[in-house]
Amino acid sequence: MTSSTDHDERPSAFEQRVVDMLLAGDVDPLPALRAQWQRARVSHRLFNRFGTKVYFALAIDELPITPFEQEHGDVQFRLEGSEEWRRVSLEIAHGILDHLEYDMRETERSAGIAVAEMSYCTFVQMSDNEYDFEALNTPERNFDDLIEKLESEEEPPKMDWDGGPSQRDWDEESWWWE
């Protein structure tokens, strides 16, 4: 595989659409993140057997937002021919858009499998176990949940694609460049 490091590549149509959904709304800091997104370029993509990470490059003079570390992940998608809903996550590090992570394998992407449907989702606790929850599709974004999450001082747990706590080893050795 090759490395894309010239920072001139724009996100794919799917990546553009999903990040636009994740940054929709007027709740702070979404407008500032949208301004960053308009100037973002893809610095490189990493693939492994679980999915794709797309890293962004921004000008060094970008103004960071607070809270500095955030994860936005209330969007799901489904591929043509599948009933499985897959999650996406947009990571903000040091107040700057860092990367988008989603469960689309390189083989699915290169085969041209289309995205059949995208939806906002909300998380419903299913039992007393803090990790037992289900992501339910919703027609609109739940801004109350988003505001509560942004105001929370707690670091959200890293989640696995199926909605449970992450059990996968995402070390850099398991990724390859494009």
Side-chain angles (χ1 to χ4, degrees), residues 11-38 40 42 45-46 50-56 58 64-80 82-105 108-109 113-168 170:
S12 71
F14 167 74
E15 294 159 356
Q16 181 72 46
R17 185 173 165 205
V18 83
V19 173
D20 287 347
M21 286 180 73
L22 288 166
L23 298 181
D26 294 325
V27 175
D28 280 334
L30 297 177
L33 290 171
R34 279 195 305 276
Q36 289 182 14
W37 176 238
Q38 289 175 350
V42 172
R45 286 182 170 81
L46 297 176
F50 302 118
T52 303
K53 282 187 182 182
V54 181
Y55 284 88
F56 305 114
L58 287 113
I65 53 94
T66 55
F68 290 116
E69 309 299 321
Q70 297 177 22
E71 176 187 359
H72 297 264
D74 59 345
V75 172
Q76 298 187 118
F77 69 97
R78 187 176 60 75
L79 296 176
E80 289 287 341
S82 173
E83 295 301 313
E84 174 190 10
W85 284 93
R86 301 169 182 214
R87 292 209 31 231
V88 298
S89 174
L90 180 64
E91 300 282 336
I92 288 78
H94 309 290
I96 303 289
L97 289 174
D98 186 60
H99 71 273
L100 177 68
E101 191 171 328
Y102 56 93
D103 183 14
M104 185 184 297
R105 291 147 191 94
E108 294 166 328
R109 186 183 62 83
I113 298 175
V115 173
E117 190 175 0
M118 293 177 68
S119 175
Y120 285 109
C121 61
T122 191
F123 300 98
V124 177
Q125 193 74 36
M126 302 305 285
S127 72
D128 291 336
N129 179 336
E130 67 178 305
Y131 297 114
D132 184 18
F133 64 90
E134 185 174 341
L136 302 176
N137 290 346
T138 58
E140 296 177 359
R141 189 168 210 181
N142 185 331
F143 284 104
D144 292 336
D145 283 356
L146 179 63
I147 292 167
E148 182 180 323
K149 181 177 175 249
L150 288 170
E151 291 175 349
S152 170
E153 293 182 7
E154 255 184 79
E155 178 84 13
K158 289 291 184 186
M159 306 316 293
D160 203 342
W161 295 110
D162 65 2
S166 181
Q167 301 297 316
R168 296 187 177 139
W170 290 93

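Since the model is a prediction, treat every value here as computed from it, not as a measurement.
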Separation of R45 CZ from H99 NE2 (nearest 0.5 Å) | 13.5 Å
Using modelled atom types only, decide if a donor and an acceptor are shared between the side chain of Q36 and the backbone of G95 within a distance under 3.5 Å.
-> yes
Which value, rounded to the nearest 0.5 Å, describes the distance between F56 atom CZ and E91 atom CD?
-> 11.0 Å
Hey, what do you get for CZ (F14) to OH (Y102), rounding to the nearest 0.5 Å?
-> 6.0 Å
Spacing of CD belonging to E84 relative to CZ belonging to R78, to within rounding of 0.5 Å = 11.0 Å
For the atom pair OG (S119) and CH2 (W85), what is the distance rounded to the nearest 0.5 Å?
-> 5.0 Å
Heavy atoms of F77 and D103 approach each other most closely as CZ-O, 3.4 Å
Do the side chain of E101 and the main chain of L90 share a donor and acceptor less than 3.5 angstrom apart?
-> no
Any side-chain heavy atom of W37 within less than 4.5 Å of one from D20?
-> yes
4.5 Å side-chain heavy-atom contact, I92 and L97 = yes
Pairs involving residues 135-146, ordered by first then second residue, that meet salt bridge (charged side-chain N to carboxylate O under 4.0 Å, His left out) (sequence neighbours left out) | D74-R141
Taking the side chain as C-beta and beyond, is there a heavy-atom pair between L30 and L146 under 4.5 Å?
-> yes
Is a donor on one side and an acceptor on the other found under 3.5 Å between the side chain of R87 and the backbone of G73?
-> yes
Would you sort out whether V115 and L79 count as a side-chain contact (heavy atoms from CB on, under 4.5 Å), showing the intermediate values?
-> CA-CA 4 Å; V115 173; L79 296 176; 4.0 Å; yes
Within-4.5 Å side-chain heavy-atom neighbours: L100 and L22 = yes
Have a look at Y120 and tell me which of L136, N137, T138 forms a side chain to side chain contact (heavy atoms under 4.5 Å, CB included) with it.
-> T138
Side-chain heavy atoms of L33 within contact of H72, under 4.5 Å | yes
Calculate, to the nearest 0.5 Å, the distance between atoms CD and CG belonging to E69 and D98 respectively.
-> 8.5 Å
